[in-house]
Protein chains: 2
Amino acid sequence: MAEFQITADVREVRSGVTQALDANQVVEVHYAELPIGDYLLAPHVCVERKAAHDFVASIFDKRLFGQVAQMKATFERSIVLVEGDVFATRSQIAPEALRGALSWLAVIEGVTLIQTRNSVETAAFIEVMARHAQEGLGYEISMRGSKPKDFKVLAQYAVEGLCGPATAKKLLAHFGSVEKVFAATTDQLCEVKGVGRKTAEQIRELVTFPVNG
Amino acid sequence: MAEFQITADVREVRSGVTQALDANQVVEVHYAELPIGDYLLAPHVCVERKAAHDFVASIFDKRLFGQVAQMKATFERSIVLVEGDVFATRSQIAPEALRGALSWLAVIEGVTLIQTRNSVETAAFIEVMARHAQEGLGYEISMRGSKPKDFKVLAQYAVEGLCGPATAKKLLAHFGSVEKVFAATTDQLCEVKGVGRKTAEQIRELVTFPVNG
DNA sequence: ACTTCCGATCCTTGA
DNA sequence: TCAAGGATCGGAAGT
């Protein structure tokens with residue numbers, strides 16, 4: 001039994017991607033005539049897959065921009081997946097035009113670009129992306145690197161969540177414990193050499209910020 | 001006279017990108033110590049550039065996740081530019097981990113991803129992206145006040161100094177602010193699902209540890 | 001990112 | 001009711 005369900009545009013059967021998906025048995029592919037995009041990984045995630053030569057062609061005839069604009073307007077996450085090497089296509093397109101198009105996608109539309117080598121790799125990407133779209137990572141990832149074990153260093157590490165390492169050291173030396181640094185008022189923070197009103201206020205703002213579930 | 005002004009992190013001079021930018025005379029590069037990201041193309045458009053091998057390295061040591069979180073918390077448009085073929089790096093990383101990382105950026109974080117082959121191409125991209133960012137976006141975006149920092153992310157970052165990411169999330173949800181988490185007693189910490197005596201005591205021990213100047 | 005491994009936490013049982 | 005057992009989750013380390 002496949003773990004995830006996705007919808008593919010009927011025309012994508014010619015791409016070789018769906019065969020690879022079927023073989024892996026990770027996602028179950030349903031077909032439909034999608035008005036925009038080629039793969040629907042979740043209600044809010046859409047993928048437009050383009051073979052390199054088609055990607056280039058769609059820049060020429062301006063199809064790409066309309067498609068992406070529509071996709072952007074409809075979905076929270078729009079992904080353009082380019083299969084093959086666009087710079088290797090034998091066409092008269094100037095590299096600048098190519099970059100212009102890619103940059104437009106990235107900066108103006110905020111679309112992300114995934115490059116793959118072939119349909120098998122495309123399928124592999126569709127699988128992970130479907131999983132991420134439907135159930136997230138399945139675990140939490142830490143934003144911070146591995147922690148030190150020595151208490152003194154660990155204490156400093158904890159305070160570094162508020163400011164830079166240099167300031168953290170000074171704060172800790174002044175207040176004597178992590179607890180006291182996090183409980184200090186703006187005025188008390190200002191007493192520390194190197195901490196001004198601005199830094200102090202930023203620290204307090206972060207420390208007192210109300211987090212709602 | 002250069003058409004556009006951008007700001008680059010001082011450490012980027014080693015990348016070869018800035019030399020290429022200087023040669024082309026299209027953008028004028030100003031240098032600063034950027035707290036996050038490598039290039040500021042407009043007040044709200046930030047680019048984090050990573051050479052393929054560094055991209056992989058930053059997955060291993062978890063730098064990537066904090067960087068992306070902070071970039072997203074601060075800028076309207078966050079772009080991760082990967083230079084070189086990540087799949088070709090000779091490291092022990094599994095291809096699915098690599099795909100997972102790229103998919104995570106695109107699907108979960110909603111960060112825009114651009115891939116280039118070398119520093120010259122990166123420079124070319126920076127140029128056209130700068131143009132798009134400064135002209136194409138129109139003043140309604142570039143004039144808008146800077147995005148309010150996402151304190152929720154930063155708060156989580158701070159609490160992760162004490163424990164893992166999952167517990168950090170629960171602690172914050174339970175206590176409502178960083179301050180309260182750091183002030184909670186052992187018993188109060190134990191009220192949180194997933195936190196037992198052992199974890200609670202470890203947290204308290206760290207938080208109250210006396211640091212001698 | 002993913003995987004594996006281990007210890008902590010929680011939950012169920014059954015005396 | 002409470003301890004012992006097992007299932008589950010979270011963190012740390014390695015690729």
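Lettering follows sequence order; numbering is per chain, from 1.
The side chain of Pro165(B) lies closest to dG11(D) when the candidates are dA13(D), dG11(D), dA1(C). For Thr167(B), the listed nucleotide lying nearest its side chain is dG11(D); candidates were dG11(D), dA1(C), dC11(C). Taking every side-chain heavy atom of Lys170(B) into account, dG10(D) is the closest of dG10(D), dA8(C), dT15(D). Nearest nucleotide to the side chain of Ile141(A), out of dC11(C), dG11(D), dA1(C): dA1(C). The side chain of Lys147(A) lies closest to dA12(D) when the candidates are dA8(C), dA12(D), dA13(D). Each of dC2(C), dG10(D), dC11(C) was ranked by its minimum atom distance to the side chain of Ala166(B); first place goes to dG10(D). Among the nucleotides dT9(C), dA13(D), dC2(C), the one closest to the side chain of Lys198(B) is dT9(C).
Atoms CD (Glu160(B)) and P (dA12(D)) sit 10 Å apart, rounded to a whole Å. In this structure, the CG atom of Leu171(B) is 12 Å from the P atom of dG10(D), given to the nearest Å.
Leu64(B) comes within 4.0 angstrom of no nucleic acid atom, judged by non-hydrogen atoms across all strands. Among the protein residues, Lys149(A) comes within range of the sugar-phosphate backbone only, with heavy atoms under 4.0 Å from sugar or phosphate atoms but none that close to a base. Using a 4.0 Å heavy-atom criterion, one finds that Val192(B) contacts the sugar-phosphate atoms exclusively. Counting any heavy atom pair closer than 4.0 Å across all strands shown, Ile59(B) reaches a base atom. Using a 4.0 Å heavy-atom criterion, one finds that Ala97(B) contacts the bases of the nucleic acid, with or without backbone contacts as well. Looking at heavy-atom distances under 4.0 Å, Val195(B) makes contact with sugar-phosphate atoms alone, never a base. Ser103(B) comes within 4.0 angstrom of nothing in the nucleic acid, heavy atoms only.
Taking a 6.0 Å sphere around NZ of Lys170(B), one finds it holds more than 12 heavy atoms contributed by other residues, nucleotides or ligands. Environment of CZ in Arg63(A): crowded, with over 12 heavy atoms of neighbouring residues, nucleotides or ligands closer than 6.0 Å.
Under the 30°/60° scheme for interplanar angles, the aromatic rings of Phe65(A) and Trp104(A) are found to stand perpendicular.
No cation-pi contact links Arg49(A) to Phe125(A), judged by a cut-off of 6.0 Å to the six-membered ring centre and 45° from its axis.
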